[in-house]
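Here's the structure we're looking at; comments come further down.
None of these values were measured; they are calculated from a predicted model. Below, chains carry the letters A, B, ... as their sequence lines are ordered, and counting in each starts from 1.
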Protein chains: 2
Amino acid sequence: MATGRTHRPATRSRGIPEATVARLPLYLRALTALSERSVPTVSSEELAAAAGVNSAKLRKDFSYLGSYGTRGVGYDVEYLVYQISRELGLTQDWPVVIVGIGNLGAALANYGGFASRGFRVAALIDADPSMAGKPVAGIPVQHTDELEKIISGNGVSIGVIATPAGAAQQVCDRLVAAGVTSILNFAPTVLSVPDGVDVRKVDLSIELQILAFHEQRKAGEEAEGEPAAVPPAARPGASAAADGRKGPDGDVPAVMPA
Amino acid sequence: MATGRTHRPATRSRGIPEATVARLPLYLRALTALSERSVPTVSSEELAAAAGVNSAKLRKDFSYLGSYGTRGVGYDVEYLVYQISRELGLTQDWPVVIVGIGNLGAALANYGGFASRGFRVAALIDADPSMAGKPVAGIPVQHTDELEKIISGNGVSIGVIATPAGAAQQVCDRLVAAGVTSILNFAPTVLSVPDGVDVRKVDLSIELQILAFHEQRKAGEEAEGEPAAVPPAARPGASAAADGRKGPDGDVPAVMPA
DNA sequence: GACTGTGAATCGCTTCACAGCA
DNA sequence: TGCTGTGAAGCGATTCACAGTC
């Protein structure tokens, strides 16, 4: 899981479970594809397959939205596209700003998936003065000094942080102070925000680490036994660090913060 | 949640819950930061705060790995860094290939968080012949024709797909056929893979859609009442589409696949 | 006959609360 | 005394299985 909210204990939104909300975009994508092929109706089984979930889950999810299907027939594709879009709030325009126009920020600015779903890149912001004015994805980059002006001037409530980790919290604070209440964070840091502000995070290297865990497990199973659970290596003692500890695989790994 | 596996029913790995595995990289990041500041030990409370979780959860998580703490004291930072690294499989080198060197692929190739955690970008692959040989992040891009050779030649078991949606399944099939067993998918498509292959996905626009849902809810609450649950708009009938349906917010949204 | 909608059962994760140990 | 480690309780999500409806 690449993501998570900060705070908000058990405040389930409008009765729709969080897990369901997280799947609605998946259904929407699958439905949109069907819509383009002019498929009029679809069964829970078919749609579930297209979205990569099982049909019981899909039907349960849709039951939270209301009874939008027809027994014995299935779901009307166009109608469901509209209902889910509305439920997700995509029937309105969401101006977003992207802060930090490095490789990743530029990729995000160019990403077609945003614009096509009601998200409009209202501004690109970077701290590097030499970037100012340069167009990225056809939008001129503005300097961080303008941040507050841009947010309030465009009524931006969603911000995307693609800065280095060190700058993220500060940028976050300024975004929040200027009125942003939802943040998508690509920087590898835990952001702290006041109540009422939502944060979702995407950490590219975390996903790879989870894959590595399973990959290692596969390799271990091939060779029968489980990978040694608790190696007889040195245990903590009172002192810290530097005791040349080694594990079954070799040396202490070169782990560093991003 | 930005991510999910495909298949694998209830095969909990070595007794460590999936949810715990997904948090280990978070702990590792926080611990690495402490390690760099030469902090020798840390309590569950402190570490939990740094990782953005609560302390009960953290202790439970660590209890699945073994008893690595000292009652009355806390956890030895260096020792825990090593144990978690080992558990995640980061004590070994993982060659990865990135397929699709557009904006996003280039950003990934340049992303420092990979290399610093034992992931080595073994090759960059793109279908565009004019890209071939051009260096990105210091690594020359190779043509898709070389894919199989590259995978087997480097013993690559993890592949990253950053192609357009249309090419993703085909690339996936070739990666799997060549021996890749873990895939990180950035393309907005559901990939189908044989048993034994893990897929994790990151969809940038899905995260924004989830934020939009909550954002909309906040706005709705300000104005007291809930947003109308089931509008009296036209219901499906037998025929599909094009009936000029409108919702409370205006028109049918312009949703499109990425 | 086919497929949706949903109560009930189940599963897994989180949280509580305290026993166990340095 | 302070903090970890963990059974047990609580809770949300998934799955089952079938009644309801076209």
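- Rounded to whole Å, the distance from CD on A:Glu18 to P on D:dC11 is 18 Å.
- Spacing between atom CD of B:Gln83 and atom P of D:dG5 amounts to 12 Å, rounded to whole angstrom units.
- Between the side chains of A:Arg86 and A:Thr91, no donor N or O sits under 3.5 Å from an acceptor N or O.
- With D:dT14, C:dA19, C:dG5 as the choices, the nucleotide that has an atom nearest any side-chain atom of B:Arg71 turns out to be C:dA19.
- The distance between atom CD1 of B:Ile16 and atom P of D:dT6, rounded to the nearest whole Å, is 14 Å.
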Quiz item: So B:Thr20 and B:Asp61, side-chain hydrogen bond (donor to acceptor under 3.5 Å, both in side chains) or not? Walk me through it.
Solution: CA-CA 6 Å; B:Thr20 295; B:Asp61 284 343; 2.7 Å; yes

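- Residue A:Ser63 has its side chain nearest to C:dG5 when only C:dG5, C:dC21, D:dT6 are considered.
- Listed by residue number, the members of residues 50-61 of chain A with any heavy atom below 4.0 angstrom from DNA chain D are A:Asn54, A:Lys57, A:Arg59, A:Lys60.
- Side-chain contact check for B:Thr189 and B:Gln169: no donor-acceptor pair (N or O, by modelled atom type) lies under 3.5 Å.
- In this structure, a donor-acceptor pair under 3.5 Å is absent between the side chains of B:Glu78 and B:Tyr82.
- D:dT4 atom C1' lies 12 Å from atom CG of B:Leu80, rounded to whole Å.
- In this model, the phosphate group of C:dG5 is approached by a side-chain N or O of A:Tyr75 to a distance below 4.0 Å at OP1 or OP2.
- Side-chain contact between B:Leu184 and B:Ile161 is absent, with no heavy-atom pair separated by less than 4.5 Å.
- Spacing between atom CZ of A:Phe62 and atom C1' of D:dA13 amounts to 17 Å, rounded to whole angstrom units.
- A:Asp76 places its CG atom 13 Å from the P atom of C:dT4, with the value rounded to the nearest Å.
- Residue A:Thr70 has no polar side-chain atom (N or O) positioned under 4.0 Å from OP1 or OP2 of C:dT4.
- Regarding A:Tyr68, its OH atom lies at a distance of 11 Å from the P atom of C:dG5, rounded to whole Å.
- Residues B:Gln209 and A:Leu24 form no side-chain contact, since every pair of their non-hydrogen atoms from C-beta on lies 4.5 Å or further apart.
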Exercise. Start with the C-alpha distance between A:Asp76 and A:Tyr68, add both sets of side-chain angles, then the distance that settles side-chain contact (heavy atoms from CB on, under 4.5 Å), and finish with yes or no.
Key: CA-CA 8 Å; A:Asp76 181 276; A:Tyr68 293 154; over 6 Å; no

